[in-house]
Amino acid sequence: MKAVILAGGEATRLRPLTCNTPKIMVPVLNRPFLEHLVAYLKTHDIVDIVLAVGKLPEQVASYFGDGSKFGVRIAYSTEDFPMGTAGAVKNAEKLVDDPFFVFNGDIFTDIDLSAMMRLHRQRKAIASLALTPVDDPTTYGVVETDSEGRVKRFTEKPSPDKVTTNMINAGIYILEPDILTHITPNTFSMFERDVFPPLLDSGHAIYSYPSSDYWIDMGTPDKYLRLQHDLLRRHPGPEGAEFEGESFAHSSARIEGPVLIGEACSIDRNSMIRGPAILGAGCRVGEDAVIEGAILWLDCEIGRGARLRNCLVASRCHIGEESEVLDGCVLGDDVLIGKANKLSNGIKIWPGKSIEPGAISF
Ligand code: GTP
């Protein structure tokens, strides 16, 4: 089976992490996000993958190539301008046949794709959409269905008094190739706005596949952090500490799982790593430093007595002695935080910026 992965968006909400790194290459458990998605697709015998991107991102092509190292075949479909979710699939028309999957490239899920395909074939739908429940549907596109699961209506961001269901579009579709005749070529268009509603109006059958399996869209910093906390609790497990290669941890350092530590890290005396937390390869944690709930990419240096809590730190950042980077803060690559700063409440610092010692106090 084939899947088109949509990966040509701007990824603005995940900035500054995505200033230098495409969203599908952002590390999750120290591996590019796309590697997880590919592994998941393979478990459902989906080995032909079309990656719909804007311009070909070098990092993706050099890491994944034609996919053979990962046991799949990857073809790339590029766009001269952002064509939207439906426009991007139309643009990849020559690369698809038979009913195929379409995936938003930022979804991590356990939804049973094989079961979804079986149902799709039985129902003879032109399209099937996976649906997932959310607590607050007012910020999503909700999908109303009848008792047989046939889609009745799409409502974008309903106001609280208009909410009739908490089931939202999960960003996973199965499409019959015929649907492509309903999409205008070389034009920006979105499935849920420009393609599916007119198809419903003209009597086409679109069915839903509701699922309460794990589902998260990792397109914002808080959900990217939550995804990794969730995955760490599965692997290495609630108490687990996994070292991916040779690293040094001083005998007085405390490491409480779930924690994942990349190769060639060093963890100095009296420091504490409290999970869920991840150190990318080459990170150095100074004496008395405390890291809890944080995700660090590659080669970060954490100064003596510094404290990191529930924050995201991209590659090669330096956190000065006694500095704090707390709740929801996001640092891009190569950020230098001078000593004795206190960053909190989701402050974002763009790649390459330096903060003078003591310049930020909360
Ligand atoms: P934000 O800028 O933070 O909203 O992120 P985004 O650009 O990724 O947009 P959004 O999360 O709404 O997109 C959902 C998925 O569709 C992502 O995987 C995007 O990469 C992808 N996507 C969005 N627009 C396009 C497009 O024009 N072309 C292609 N190929 N993919 C797109």
Side-chain angles (χ1 to χ4, degrees), residues 2-28 32-38 40-41 49-57 59-61 64 74-96 100-109 111 129-132 134 137 139-143 154 156-157 168-173 175 180 183-196 215-227 312 314 328 330 332 346 348 350:
K2 217 165 230 191
V4 177
I5 298 178
L6 298 168
E10 297 280 325
T12 49
R13 291 167 301 156
L14 207 48
R15 288 181 193 160
L17 297 178
T18 45
C19 289
N20 302 329
T21 306
K23 187 155 60 172
I24 48 169
M25 292 302 284
V26 159
V28 166
F33 178 74
L34 182 59
E35 217 181 302
H36 296 272
L37 188 48
V38 164
Y40 162 67
L41 294 177
I49 293 170
V50 177
L51 213 51
V53 288
K55 60 180 173 34
L56 183 60
Q59 293 171 49
V60 183
F64 287 95
I74 298 181
Y76 297 88
S77 169
T78 57
E79 290 151 45
D80 295 334
F81 59 93
M83 292 185 171
T85 50
V89 174
K90 176 73 178 175
N91 188 54
E93 185 164 17
K94 289 199 183 73
L95 299 170
V96 294
F100 58 97
F101 280 92
V102 175
F103 259 82
N104 281 1
D106 49 8
I107 303 297
F108 191 106
T109 182
I111 288 177
L129 282 63
L131 305 184
T132 187
V134 289
T139 57
Y140 294 94
V142 302
V143 183
F154 294 88
E156 205 43 44
K157 300 189 177 131
I168 64 153
N169 175 357
I172 303 170
Y173 316 121
L175 305 179
L180 297 173
I183 306 173
T184 316
N186 293 313
T187 307
F188 181 93
S189 64
M190 306 285 283
F191 281 113
E192 57 281 39
R193 194 192 64 193
D194 306 311
V195 180
F196 294 146
W215 178 92
I216 194 165
D217 115 49
M218 50 68 98
T220 60
D222 62 324
K223 287 193 272 180
Y224 171 61
L225 185 69
R226 196 187 322 152
L227 168 63
L312 297 162
V330 188
K348 293 181 182 174
W350 251 239

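In listed order, ligands and their atoms are each counted from 1. For the numbers below, each heavy atom of this structure counts, side chains included, while hydrogens, waters and symmetry mates do not.
- At a heavy-atom distance under 4.0 Å, only side-chain atoms of Ala88, from C-beta outward, approach ligand 1.
- Ligand 1 places these atoms under 4.0 Å from at least one heavy atom of Thr12: 1 (P), 2 (O), 3 (O).
- By the criterion of a heavy-atom distance under 4.0 Å, the backbone of Ala11, and not its side chain, is placed next to ligand 1.
- Between the side chain of Asn91 and the backbone N or O of Thr78, at least one donor-acceptor pair lies under 3.5 Å.
- Taken to the nearest 0.5 Å, the CG atom of Leu41 stands 8.5 Å off from the CG atom of Leu34.
- Atoms of ligand 1 lying under 4.0 Å from at least one heavy atom of Pro82, given by number and element, are 27 (O).
- Closest to atom 8 (O) of ligand 1, if we only count protein heavy atoms, is Lys23 NZ, 2.8 Å.
- Without hydrogens or angle criteria, Glu156 side chain to Glu192 main chain gives no donor-acceptor distance under 3.5 Å.
- Of all protein heavy atoms, the one closest to atom 30 (N) of ligand 1 is Glu79 OE2, 2.6 Å.
- A donor-acceptor contact shorter than 3.5 Å links the side chain of His36 to the backbone of Val28.
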Could you walk me through whether Lys90 and Thr184 pass side-chain contact (heavy atoms from CB on, under 4.5 Å), step by step?
CA-CA 8 Å; Lys90 176 73 178 175; Thr184 316; over 6 Å; no

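- Listed for the Thr85 side chain is a donor-acceptor partner under 3.5 Å among the backbone atoms of Phe191.
- Closest protein heavy atom to atom 17 (C) of ligand 1: Leu6 O, 3.8 Å.
- Scanning all protein heavy atoms for the shortest distance to atom 31 (N) of ligand 1 gives Gly8 N, 2.9 Å.
- Looking only at protein heavy atoms, the nearest one to atom 11 (O) of ligand 1 is Arg13 NH2, 2.9 Å.
- Listed for the Tyr140 side chain is no donor-acceptor partner under 3.5 Å among the backbone atoms of Ala170.
- For atom 23 (C) of ligand 1, the closest heavy atom belonging to the protein is Gly9 CA, 3.8 Å.
- Residue Ala7 has at least one heavy-atom neighbour below 4.0 Å for each of these atoms of ligand 1: 20 (O), 31 (N).
- Within ligand 1, the atoms closer than 4.0 Å to a non-hydrogen atom of Ala52 are 30 (N), numbered from 1 in the order shown.
- Counting heavy atoms from C-beta outward, Val89 and Tyr173 have side chains that stay 4.5 Å or more apart.
- At a 4.0 Å heavy-atom cut-off, ligand 1 touches Met83 through the backbone alone.
- Gly84 N, 3.5 Å is the protein heavy atom nearest to atom 26 (C) of ligand 1.
- Side chain of Asp194 to main chain of Met190: a donor-acceptor pair is present (N/O by atom type, distance under 3.5 Å, no hydrogens or angles).
- At distances below 3.5 Å, at least one donor-acceptor pair connects side-chain atoms of Lys2 with backbone N or O atoms of Leu95.
- Atom 13 (O) of ligand 1 lies below 4.0 Å from none of the non-hydrogen atoms of the protein.
- Given atom 7 (O) of ligand 1, the protein heavy atom at minimum distance is Glu10 N, 2.7 Å.
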